[in-house]
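So that the names make sense, note that chain A is the first sequence line, chain B the second, and so on, each numbered from 1.
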2 protein chains.
Amino acid sequence: MNNKEKLRKAGLRPTKQRMIIADILLGGINRHFTAENLQNEINSSGKSMSIATIYNCLKKFRNCGLIKQVESSKDTAIFDTNINQHHHFLNEDTGELIDIENDAVNLRKLPEIPQGYLNNGVEVLIKIKKQI
Amino acid sequence: MNNKEKLRKAGLRPTKQRMIIADILLGGINRHFTAENLQNEINSSGKSMSIATIYNCLKKFRNCGLIKQVESSKDTAIFDTNINQHHHFLNEDTGELIDIENDAVNLRKLPEIPQGYLNNGVEVLIKIKKQI
DNA sequence: CAAGTAGTTTAGAACGATTTTAAAGTAAAA
DNA sequence: TTTTACTTTAAAATCGTTCTAAACTACTTG
């Protein structure tokens, strides 16, 4: 399926701008990126796009499941008085966090930590949303 | 141990402002909060504190391990073209994310999802840092 | 205790990421 | 076509956070 069809299938009009972004992102090679990364990439290919359009576009793509947004990376720092290793439910409807006791989660298998690095804590985030 | 001693032990001068915050946070009841939450609470007790001081203070408390900061909540949204459930290493020195295949992690036990809610995805974040 | 000094607080400015605004442009439907 | 709804844009606005530089305060040393 080509990118135009992917956009159509997702319910998005395949505009010129969305196609540029789809061509960069949906080629099958996975990557992490920010809105600014993407703008730089677009600029260095001789094209240009308003940063507002890039944000609009990424939000639409995310809402359609074409891409993901890593973690609940809100722009507000949330602090926690619980300094023991523990985990969280994230209520995606409200942004509220609920503690999960460490021993309510059992990680049987973890990947190897890359060479030269130390494990500095494991956080499990279970995203939940209201049943409809 | 009282809060003054806790601050001393953490290597922090027990200033008036730090004591106000310690009295709110270190009473033993765990909670999540933002800098703004805390300022509102301070204000409504008739006291006041500069937002810069609150941020300074929370950063010091966090660096001393008196409180935690939830997730790597940077203020930049990171997107991911990998829409399958998977996990990440977070390089805390650089902010870089590295994918972990879903089947490299095995969650033996998960807590019950709260009544009326649906599990909308589980993300495991393994924080790593350079060995020194 | 006095004086020095190193760390802390503050208001306000600055910053960086993101969102809003409102006007012009474009895709799809009728 | 013409219409209608959606999209893009530059620029302004907003929001959380950090910086600046001056005033202040806790601790140290004499």
Side-chain angles (χ1 to χ4, degrees), chain A residues 2-24 32-43 47-64 66-80 95 97, chain B residues 2-24 32-43 47-64 66-80 95 97:
Chain A
N2 64 30
N3 289 335
K4 198 167 212 164
E5 289 173 310
K6 280 184 195 160
L7 292 180
R8 281 243 152 74
K9 199 175 149 212
L12 297 176
R13 286 188 186 174
T15 64
K16 191 171 126 246
Q17 290 81 354
R18 285 176 187 162
M19 286 301 295
I20 290 172
I21 292 183
D23 288 344
I24 292 174
H32 303 115
F33 61 96
T34 65
E36 204 199 349
N37 293 156
L38 197 51
Q39 192 176 41
N40 292 338
E41 206 159 331
I42 291 167
N43 288 340
K47 295 168 187 142
S48 83
M49 200 177 300
S50 157
I51 191 69
T53 302
I54 293 175
Y55 276 107
N56 285 343
C57 212
L58 291 177
K59 231 191 271 186
K60 292 273 186 189
F61 279 29
R62 191 230 300 136
N63 293 343
C64 295
L66 291 171
I67 60 174
K68 280 181 121 183
Q69 183 168 357
V70 173
E71 298 154 57
S72 66
S73 62
K74 297 274 165 51
D75 57 3
T76 307
I78 300 171
F79 296 91
D80 192 340
L97 286 170
Chain B
N2 65 31
N3 288 334
K4 197 168 215 163
E5 289 173 311
K6 279 184 197 159
L7 293 180
R8 281 243 152 75
K9 197 174 149 215
L12 297 176
R13 286 190 185 173
T15 64
K16 190 170 126 246
Q17 289 81 354
R18 285 176 186 163
M19 285 302 294
I20 291 172
I21 293 183
D23 288 344
I24 292 173
H32 304 115
F33 61 96
T34 65
E36 203 199 351
N37 295 154
L38 197 52
Q39 191 175 43
N40 291 338
E41 205 159 331
I42 291 166
N43 288 341
K47 294 165 187 144
S48 84
M49 199 177 301
S50 159
I51 191 69
T53 302
I54 293 174
Y55 277 107
N56 286 344
C57 212
L58 291 177
K59 230 190 272 186
K60 291 273 186 188
F61 279 29
R62 191 233 295 139
N63 292 344
C64 295
L66 290 170
I67 61 175
K68 280 180 118 182
Q69 183 168 356
V70 173
E71 298 153 57
S72 69
S73 60
K74 297 272 165 53
D75 57 2
T76 307
I78 301 171
F79 296 90
D80 192 340
L97 286 169

Chemist: Sequence neighbours left out, what passes side chain to side chain donor-acceptor pair (under 3.5 Å) with A:Asn43? Give chain and number order.
Modeler: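 For A:Asn43 there are no side chain to side chain donor-acceptor pair (under 3.5 Å) partners, ignoring immediate neighbours.
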Chemist: For A:Glu41, give me all partners under side chain to side chain donor-acceptor pair (under 3.5 Å), at least two apart in sequence or on another chain.
Modeler: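 A:Glu41: side chain to side chain donor-acceptor pair (under 3.5 Å) contacts with A:Arg31.
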Chemist: With sequence neighbours left out, which residue pairs that include part of residues 2-12 of chain A fulfil the side-chain hydrogen bond (donor to acceptor under 3.5 Å, both in side chains) condition?
Modeler: A:Asn3-A:Asp23
Chemist: Can you give the donor-acceptor pairs under 3.5 Å from side chains of residues 49-64 of chain B to other protein atoms, not counting sequence neighbours?
Modeler:
{"unit_1": "B:Ser50", "atom_1": "OG", "unit_2": "B:Ala52", "atom_2": "N", "d": "3.1"}
{"unit_1": "B:Asn56", "atom_1": "ND2", "unit_2": "B:Ala52", "atom_2": "O", "d": "3.4"}
{"unit_1": "B:Arg62", "atom_1": "NE", "unit_2": "B:Gln69", "atom_2": "OE1", "d": "2.9"}
{"unit_1": "B:Arg62", "atom_1": "NH2", "unit_2": "B:Gln69", "atom_2": "OE1", "d": "3.1"}
{"unit_1": "B:Asn63", "atom_1": "ND2", "unit_2": "B:Lys59", "atom_2": "O", "d": "3.3"}

Chemist: To check you understand the geometry: which heavy-atom pair defines the closest contact between B:Phe33 and A:Asp80, and what is its length?
Modeler: CE2-N, 4.2 Å
Chemist: Could you write nucleotides 23-30 of chain C as a row of B, S and -, 5' to 3', where a protein heavy atom under 4.0 Å of any base atom gives B, of only sugar-phosphate atoms gives S, and otherwise -?
Modeler: ----BS--
Chemist: Return the value, rounded to whole Å, for the distance between atom CD of A:Glu36 and atom P of C:dC15.
Modeler: 15 Å
Chemist: Answer yes or no: does a side-chain N or O of B:Gln17 lie under 4.0 Å from OP1 or OP2 of D:dT25?
Modeler: no
Chemist: Among residues 47-57 of chain B, which ones have heavy-atom contacts with DNA chain C below 4.0 Å?
Modeler: B:Met49, B:Ser50, B:Ala52, B:Thr53, B:Asn56
Chemist: Tell me: CE of A:Met19 to C1' of D:dT8, nearest whole Å?
Modeler: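 In whole Å, D:dT8 C1' lies 17 Å from A:Met19 CE.
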Chemist: Angle, rounded to 10°, between the helical axes spanning five pairs at each terminus of the helix from C:dC1-D:dG30 to C:dA30-D:dT1?
Modeler: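 The angle, to the nearest 10 degrees, is 30°.
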Chemist: Report yes if a side-chain nitrogen or oxygen of A:Lys59 is closer than 4.0 Å to either non-bridging phosphate oxygen (OP1 or OP2) of C:dT18; otherwise report no.
Modeler: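 The answer is no; no side-chain N or O of A:Lys59 sits under 4.0 Å from OP1 or OP2.
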Chemist: Can you tell me the distance, in whole Å, between the CD atom of B:Gln39 and the C1' atom of C:dA11?
Modeler: 12 Å
Chemist: Without decimals, in angstroms, what is the distance between A:Asn40 CG and C:dA17 P?
Modeler: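 About 11 Å, once rounded to whole Å.
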